[in-house]
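Naming: A, B, ... by sequence-line order, numbering from 1 per chain.
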Amino acid sequence: MSYNFQDIETKWQKHWAKNKTFKTTNDTSKPKYYVLDMFPYPSGAGLHVGHPLGYIASDIYTRYKRSQGFNVLHPMGYDAFGLPAEQYAIQTGTHPAITTDQNIKTYRSQLDKLGFSYDWDREFKTCDSSYYKWTQWVFIKMFESCYDLKADKAVSIDNVVKHIEAQGSKGLHFACNEELVFSKEEWNSFSEEKREETLQNYRLAYLADTPVNWCPALGTVLANDEVKDGLSVRGAHPVEQRIMKQWNLRLSCYAQRLLDGLDKIDWSESIKEIQRNWIGRSEGAEVLFKLKGQDTGFEIFTTRPDTIFGVSFMVLAPESEWVQKVTTKEQTSAVENYLEDCKKKSQRERMTDVKKVSGVFTGAYCTHPFSGKDIPIWIGDYVLGGYGTGAIMAVPAHDTRDYAFAKHFNLPITEVVSGGDISKESYDAKEGKLVNSDFLNGLEVKEAIKKAIAQIEEKKLGVKKINYRLRDAIFSRQRYWGEPFPVYYKNGIPKMLKESELPLELPEVDAYLPTETGEPPLGRARNWHNKDGDAYELSTMPGFAGSSAYFLRYMDSQNNKELVSKEAVSYWQDVDLYLGGSEHATGHLIYSRFWNKFLFDLGIAVKDEPFKKLINQGMIQGRSNFVYRLKNDVNKFVSVGLKDKYDTQELHVDVNIVENDILDTQAFKKWRAEFAKAEFIFEQADGKDVYRCGWAVEKMSKSMFNVVNPDLVVEKYGADTLRLYEMFLGPLEQSKPWNTQGIEGVSRFLNKFWRLFHNDNEQWELSNAEPSKDELKVLHGTIKKVHEDIENFSFNTSVAAFMIAANELGKLKCNKKAILEPLVVVLAPFAPHFAEELWNQLGHSESITTAPWPVHEEKYLVESSYNYPISFNGKTRFFIEISLDADAKAVEELVKSHEETIKYLDGKPIKKLIFVPKRIVNIVI
RNA sequence: GGCCCGGUGGCGGAAUGGUAGACGCAGCGGAUUCAAAAUCCGCCGCUGGUAACAGUGUGCGAGUUCAAGUCUCGCCCGGGCCACCA
């Protein structure tokens, strides 16, 4: 007989829900611990077996921490605004709210079947107006803030106004789009419109003409992280560059803090590295190159000021404002033609044509700041308008791109750093001595950079400068299904709603498409204006808006007066453990860190970094099966072992009609009408004809017919078995394929464990006898191993430890309460229903959740001594295993006690004695 | 092109620098059974050998070490991220 998981799991799930077993209060008598899963976007397809992986791991850790005496916050909710529901609405006319609610229901029922210990009283979805009220509220705060570069934090925009009213733009130390110069008198004469326009230059949430990634197919702009290879991440539609008036968040002013913060948090090195690359800090200098014969010129940014004597031409980005200013009459038509060509190139073409060199001469020259030589000014699309100053000094000898350009247009190449062979390729390495470089000659690159910057600053040609690749975040989306901006326009001037007017709820529209005049869908809403008739903003916020502060909201999710109360946030502080996929590295995980830092500056968040420790669970891949159809006879299918003898076509087959790679041929004929008349060429196995399928590890997806639904697994094996198996599959952070076969192993384990408590007739049978030494060793070894494994998030090996324990106790025929009771507590985080049932049968009326974690006792684990000789490398070595706390003296005594054995082994004296700390003495004889 | 991560049986994977392959799946053999399911026991990297055993073995090549899957260097392969960022 085996245990009845269906009854047991339903029973305890109901019990937990009814008794609110996992409700968390702000109980300050206990230490807090906050475990958070990245909340899901509820898609229509529901969960597959890969989705719960992280939720299972976080639930295990949560339950473990609770048994360690922590008050654990472990909430769940839904990231509910987003494109798929809106796309579906466009196709079917169903309101996205309806689709979203249906999907959430499916998700919730799937989650409930797995026995998670979430505090569901804190649940919310981001499309609730009671939730997005606070997203709007933060936006208003950003609008009313600017970034003080001296204090290095966000402060009220009033500081800018006060400064300007006192002394104009002089000495302004606030992050801005561009340096403006005006006096306080001029400011006083500005119109209201002009004043607001000026302030937008400093606000953290600002409206600006921005070059954007416009996706015509989706009808919206996209953030940089939503575009890949010139195509939209969602739907893979082409994306083009456009200039549009958009809301932006001044993310860039937090670049350094976002970078520095990475050193303080316990995240995987790979995610930190991705974020460092994305922020893209580079140190260098900004240098002024004057136009020939003039006193004005343009600035360039370079990380290699040491190579300044190797400059042989300048390159402007096609978008640069200097293009028009410098182009000579003779070159005008050539330049115009080139600019026209650049415009026609889509973003995608520009990226795929990276290797193609293109450019045009402007006819103008700069004067070299040190040598005074003439330097021609070119235009090239390999220089980007949005980075640095949109202009570069080209040093072809030491930059691959400049080298290609110089070769293509036959421009001079001057070596200034020795060490390479510049006749074949550029020498980009930052190693070698400077040559042909006047005052820099003979210096190593690193020193030369310092000296060059010093000279540039001394001669007032430029300044040391740090540039970041991180740009401000474009915050407008021309979509329906998102948070409305709390903004209205009076005479074209954007104004914020008052806090008392929030939330501004999403209006109804007659269709989810742009209007005929090309306005966003909100342009269709009736009465989309305030009581004075001032129009509301037509864009909505992007997907990341709602997920940027949700971790704070869980601390106090029912609060309708504040985002989060002071008490709640000062108790819960930050997320101790955050689990989710690594695909959010450059999106959500940057935005939410930024958002949190802003709230920290405001004094709302109490921690500068929101997520102390981050774990990225790996993907569970699908294991696909294939059948092989003959190309010349489409009704014949050949078994994989014989397929090489035929000309075949590989077809995916539903993994649910394949077992152990053997195809159920009857089921196959019924699977699809086109296979009804299928015939098979079998291979032999055990004297039987079988059809064996090929297999491959691929992404789990419908089109590969390899999706495994957790509901079916739970039905067949139970939630506890699924939980254990998902953990057993392999290391949490690694991608690994799902293989339904293997689940039998953990299922057998649970039954074996069950049988330790019950006799063959399913009768409860436990003894109160004193445990033996061997039994105690198994118990304490398991407690210790599982404890260490959980702390290291090595759940696969802890499941293995349980299996070993069950096997050994089975062999010892151990049914002693003193051994089994603590083991149930250790198993509870992994198999909660199973453990709760046994705990109940053991006579406890309280939930096992309240049971403290058993402590292992080392004394049951220490071996007296264990030794073995080994011969290798032509020498005999003798190993003695010693206890963990032995000191050198104890080791010496131990060796002495083995002297006779050693002599017996080889008859030679001891040559060398090596004491390896902790465990082993290695004696060479 | 740059950076990051990985490469161990038929498969998923174990292994604080110390007997490589824990644990599970699959496979093979056996017990129990009228039979099956369930359960239990044994074998299970490769080569040779009936066996004891010997040799070999963690992508490849070197190095450090008494000792390397593990540390260092150089290559090869796979995956990820960024990608004309000056």
Interatomic distance at P, rA22(B) relative to rC46(B), whole Å: 13 Å
Counterpart residues, side chain to side chain donor-acceptor pair (under 3.5 Å), relative to T210(A) (two or more places apart): N248(A)
With sequence neighbours excluded, residues passing side chain to side chain contact (heavy atoms under 4.5 Å, CB included) with H584(A): M38(A), H588(A), L589(A)
Side chain of A800(A) - closest among rC40(B), rA22(B), rG24(B): rA22(B)
Touch class at under 4.0 angstrom, heavy-atom based, for D661(A) against every strand present: nothing
Partner residues of A406(A) under the side chain to side chain contact (heavy atoms under 4.5 Å, CB included) criterion, sequence neighbours left out: F313(A), P396(A), L411(A), I413(A)
Value in whole Å for how far the P atom of rG12(B) lies from CE of M803(A): 17 Å
D399(A) side chain, from C-beta outward: closest of rG12(B), rA86(B), rC81(B): rA86(B)
N or O in side chain of R755(A) less than 4.0 angstrom from rA38(B) OP1/OP2: no
C1' spacing across the pair rA14(B) / rU58(B), given as an integer number of angstrom: 12 Å
Under 3.5 Å side-chain donor-acceptor pair for E765(A) and N759(A): yes
Face-on cation placement of R593(A) at W278(A) ring, 6.0 Å and 45° thresholds: no
Would you tabulate the nitrogen or oxygen pairs shorter than 3.5 Å linking the protein to nucleotides 1-10 of chain B?
none

Phosphate OP1/OP2 of rU16(B): any N792(A) side-chain N/O under 4.0 Å: no
Separation between the C1' atoms of rG69(B) and rG9(B), rounded to whole Å: 14 Å
Among rC40(B), rC84(B), rA86(B), the one nearest I392(A) by side-chain distance: rA86(B)
Salt bridge R276(A)-D263(A), side-chain N to carboxylate O under 4.0 Å: yes
Y387(A) and S282(A): CA distance, side-chain angles, deciding distance, side chain to side chain donor-acceptor pair (under 3.5 Å) verdict: CA-CA 11 Å; Y387(A) 183 77; S282(A) 48; 2.8 Å; yes
Rounded interatomic separation in angstrom, taking CD from E788(A) and C1' from rA14(B): 15 Å
Nearest-neighbour nucleotide for the W278(A) side chain, rA86(B), rC82(B), rA14(B) considered: rC82(B)
Touch class at under 4.0 angstrom, heavy-atom based, for K811(A) against every strand present: sugar-phosphate
Q741(A) side-chain proximity, nearest of rU39(B), rA86(B), rA26(B): rA26(B)
T797(A)/D789(A) under side chain to side chain donor-acceptor pair (under 3.5 Å): CA gap, chis, key distance, verdict: CA-CA 7 Å; T797(A) 50; D789(A) 285 346; 3.0 Å; yes
Span that lies between the C1' atom of rU39(B) and that of rU32(B), in whole angstrom: 8 Å
D428(A) side chain to T400(A) side chain, donor-acceptor N/O pair below 3.5 angstrom: yes
Side chains of D664(A) and Y691(A), donor plus acceptor under 3.5 Å: no
Sugar-phosphate only, base, or nothing, as touched by Q734(A) at under 4.0 Å among non-hydrogen atoms: sugar-phosphate
Sugar-phosphate only, base, or nothing, as touched by T400(A) at under 4.0 Å among non-hydrogen atoms: nothing
Below 4.0 Å: OP1/OP2 of rA86(B) and any side-chain N or O of Y382(A): no
Ring geometry between F793(A) and F795(A) (parallel below 30°, tilted from 30 to 60°, perpendicular above 60°): perpendicular
Selected nucleotide, minimal atom distance to K736(A) side chain, candidates rG12(B), rC41(B), rA14(B): rG12(B)
Minimum-distance nucleotide (side-chain atoms of R469(A) versus rG13(B), rC23(B), rA83(B)): rA83(B)
Rounded distance (Å) that lies between atom C1' of rC40(B) and atom CG of L809(A): 17 Å
Whole angstrom value for the distance that separates P of rA14(B) from CZ of F728(A): 10 Å
Whole angstrom value for the distance that separates C1' of rG79(B) from CG of N616(A): 15 Å
Phosphate OP1/OP2 of rC40(B) contacted by K752(A) side-chain N/O (<4.0 Å): yes
S282(A) side chain near rA86(B) phosphate (N/O to OP1/OP2, under 4.0 Å): yes
Options rC23(B), rA86(B), rC81(B), nucleotide nearest the side-chain atoms of I274(A): rC81(B)
Selected nucleotide, minimal atom distance to P737(A) side chain, candidates rA86(B), rG12(B), rC81(B): rG12(B)
Upstream residue (5' side of RNA chain B) when L729(A) and K785(A) are each assigned their closest nucleotide: L729(A)
Residue pair S735(A) / Q621(A), side-chain donor-acceptor N/O under 3.5 Å: no
RNA chain B base-pair string [pairs: Watson-Crick or G-U under 3.5 Å; |: paired with another strand]: (((((((..(((.....[....))).(((((.......))))).((((....))))..(((((..]....))))))))))))....
Touch class at under 4.0 angstrom, heavy-atom based, for R281(A) against every strand present: nothing
Residue R748(A), side-chain heavy atoms: nucleotide from rA86(B), rU39(B), rG12(B) that is nearest: rU39(B)
Atom C1', compared across rU8(B) and rG57(B): separation rounded to whole Å: 10 Å
Interface residues of residues 580-591 of chain A with RNA chain B (non-hydrogen, below 4.0 angstrom): none
rG59(B), syn or anti by chi within 90 degrees of zero: anti
Distance, rounded to the nearest Å, where K784(A) contributes NZ and rU16(B) contributes C1': 11 Å
Whole-Å gap separating P (rA22(B)) and CG (N807(A)): 13 Å
Pair F834(A) and Y3(A), ring centroids less than 6.0 Å apart: yes
Parallel, tilted or perpendicular, as decided by the 30° and 60° cut-offs, for the rings of W378(A) and F405(A): perpendicular
Distance, rounded to the nearest Å, where L750(A) contributes CG and rA38(B) contributes P: 16 Å
Donor-acceptor pair between Y427(A) and E415(A) side chains, under 3.5 angstrom: no
Integer angstrom distance from the C1' of rA20(B) to that of rG45(B): 10 Å
